[in-house]
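First up is the structure itself, then whatever we jot down about it.
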Amino acid sequence: METRDWSLVVFTLLSQAAVGAFLTLLVLRRLAARRGAVASGGALFVPLLAVLIVLSAGLFAALFHLSTPLQAARAVVNFSSSWLSREIVFGSLFAALLAALVALERPAAGSPRARPWLGGVAALAGLTFLYSQTAIYLLPAQPAWNSFATPAAFGGTALLLGILGVAAAQAAGGLPPALDPAPRHGGGSWTTVRGLALAGLIVLAAELVVPPLHLAALAADGSAAAAASAQRLTGDYGGVFLLRLALLGVAAAALAGVAGSRLRSVRRQPTAALTYVAFAAAVLAELCGRFLFYAMQVRVGI
């Protein structure tokens with residue numbers, strides 16, 4: 001792939017991971033609030049700042065895909081007809097709202113009443129950003145992209161990396177009590193890690209089902225472009241494809257170990273290590289998957 005394609009790999013992976021992590025944090029916050037946890041000023045500052053940094057790095061990488069990065073703002077003029085323009089608008093809006101949330105979460109800053117509704121608006125902007133990003137690739141002239149596999153890949157990346165990234169942070173003790181829906185006694189935050197591991201396993205199971213269904217859809221398409229895309233996946237880049245499946249298997253095995261852990265004090269260190277292994281394997285697997293996504297590009301008629 002060309003350098004510009006690699007910038008898209010980095011952009012899509014980081015931005016989708018940021019959306020998934022933000023949504024995961026919101027869900028944990030809502031569950032923790034039901035438990036009665038109170039988020040004091042500054043409690044969510046570090047987690048939200050980390051998400052903003054990941055998103056900003058992704059948006060910065062996207063500039064290298066443009067032939068004239070300084071003119072990126074001009075792309076928004078086609079908002080009514082272009083999914084690319086909508087992606088830029090909603091991605092920028094999501095970043096702006098996330099930055100506002102980070103500012104409100106500074107110790108003794110902002111109004112607590114503004115945080116819940118601003119978080120909901122930011123979540124909506126993030127989901128719309130992800131939808132716009134997906135719609136860009138649903139092109140009839142690209143059989144490998146114009147299928148269920150594209151939203152499954154982008155949504156799967158967001159959920160898997162978001163959930164496991166938050167799980168790794170929780171295992172490292174990096175999340176505040178206001179984001180821990182489990183009672184602090186009897187395992188505390190480790191119960192939350194187990195719950196995130198189970199959620200990650202569900203996403204992984206779905207991701208492992210997609211490749212054979214995608215190959216079957218390409219075979220049923222009957223076009224030369226679809227056949228060429230399938231050949232690239234299983235032949236030209238078959239090694240990368242098998243590596244991705246192996247990495248997903250490693251992540252699944254590690255998550256199964258976390259989910260099955262009894263959380264005794266002597267087992268917490270190995271449980272944390274398994275969580276880190278699962279996250280690292282998932283990152284590498286999604287990197288391989290996104291490389292294959294762009295490598296499979298074959299246009300009808302060429």
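Numbering of residues begins at 1 and proceeds along the displayed sequence. Quick note: numbers below take in every heavy atom, side chains included, and nothing from hydrogens, waters or symmetry partners. It should be emphasised that the depicted structure is a prediction, and the values quoted were computed from it without experimental measurement.
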Would you say [X] and [Y] are hydrophobically clustered, going by side-chain heavy atoms of ILVMFWY under 4.5 Å?
X      : Y      : value
Tyr237 : Leu284 : no
Val9   : Phe241 : yes
Leu48  : Val121 : yes
Leu55  : Val10  : no
Leu49  : Leu26  : yes

Using side-chain heavy atoms (C-beta onward) and a distance below 4.5 Å, is [X] in contact with [Y]?
X      : Y      : value
Leu164 : Leu255 : yes
Leu28  : Gln170 : no
Leu138 : Pro151 : yes
Val193 : Trp190 : yes
Tyr137 : Trp83  : no

Distance in Å, [X] [atom1] paired with [Y] [atom2], rounded so as to fall on 0.5 Å steps:
X      : Y      : atom1 : atom2 : result
Ile163 : Thr24  : CD1   : OG1   : 5.0 Å
Ile88  : Leu93  : CD1   : CG    : 13.5 Å
Phe22  : Leu97  : CZ    : CG    : 8.5 Å
Leu130 : Leu23  : CG    : CG    : 8.5 Å
Ser229 : Leu292 : OG    : CG    : 11.5 Å
Leu242 : Thr234 : CG    : OG1   : 9.5 Å

Audit row: Leu25, Leu44, side chain to side chain contact (heavy atoms under 4.5 Å, CB included) steps and yes/no: CA-CA 9 Å; Leu25 291 173; Leu44 309 183; over 6 Å; no
Minimum heavy-atom separation for [X] to [Y], with atom names?
X      : Y      : result
Leu196 : Ala167 : CD1-CA, 3.6 Å
Leu274 : Ala254 : O-CB, 3.5 Å
Val300 : Pro140 : CG2-O, 4.2 Å
Ala225 : Val298 : CB-O, 3.7 Å
Ser15  : Gln133 : OG-NE2, 3.1 Å
Val240 : Cys288 : CG1-CB, 3.9 Å

Enclosure of Phe148 CZ (heavy-atom neighbours >12, cutoff 6.0 Å): yes
Tyr276 atom OH, over 12 foreign heavy atoms within 6.0 Å: yes
Centroid separation Phe154 to Phe293 less than 6.0 Å: yes
Under 3.5 Å: donor-acceptor pair, side chain of [X], backbone of [Y]:
X      : Y      : value
Thr157 : Leu13  : no
His214 : Ala144 : yes
Thr150 : Asn146 : no
Ser147 : Pro143 : no

Test side chain to side chain donor-acceptor pair (under 3.5 Å) applied to Thr12 - qualifying residues, sequence neighbours left out: Arg290
Parallel, tilted or perpendicular: ring planes of Tyr294 versus Trp145, cut at 30 and 60 degrees: perpendicular
Parallel, tilted or perpendicular: rings of Phe129 and Phe11 (30°, 60°): tilted
For Arg244, all residues meeting salt bridge (charged side-chain N to carboxylate O under 4.0 Å, His left out), sequence neighbours excluded: Glu207, Glu286
Thr134/Tyr131 under side chain to side chain contact (heavy atoms under 4.5 Å, CB included): CA gap, chis, key distance, verdict: CA-CA 5 Å; Thr134 303; Tyr131 181 82; 5.6 Å; no
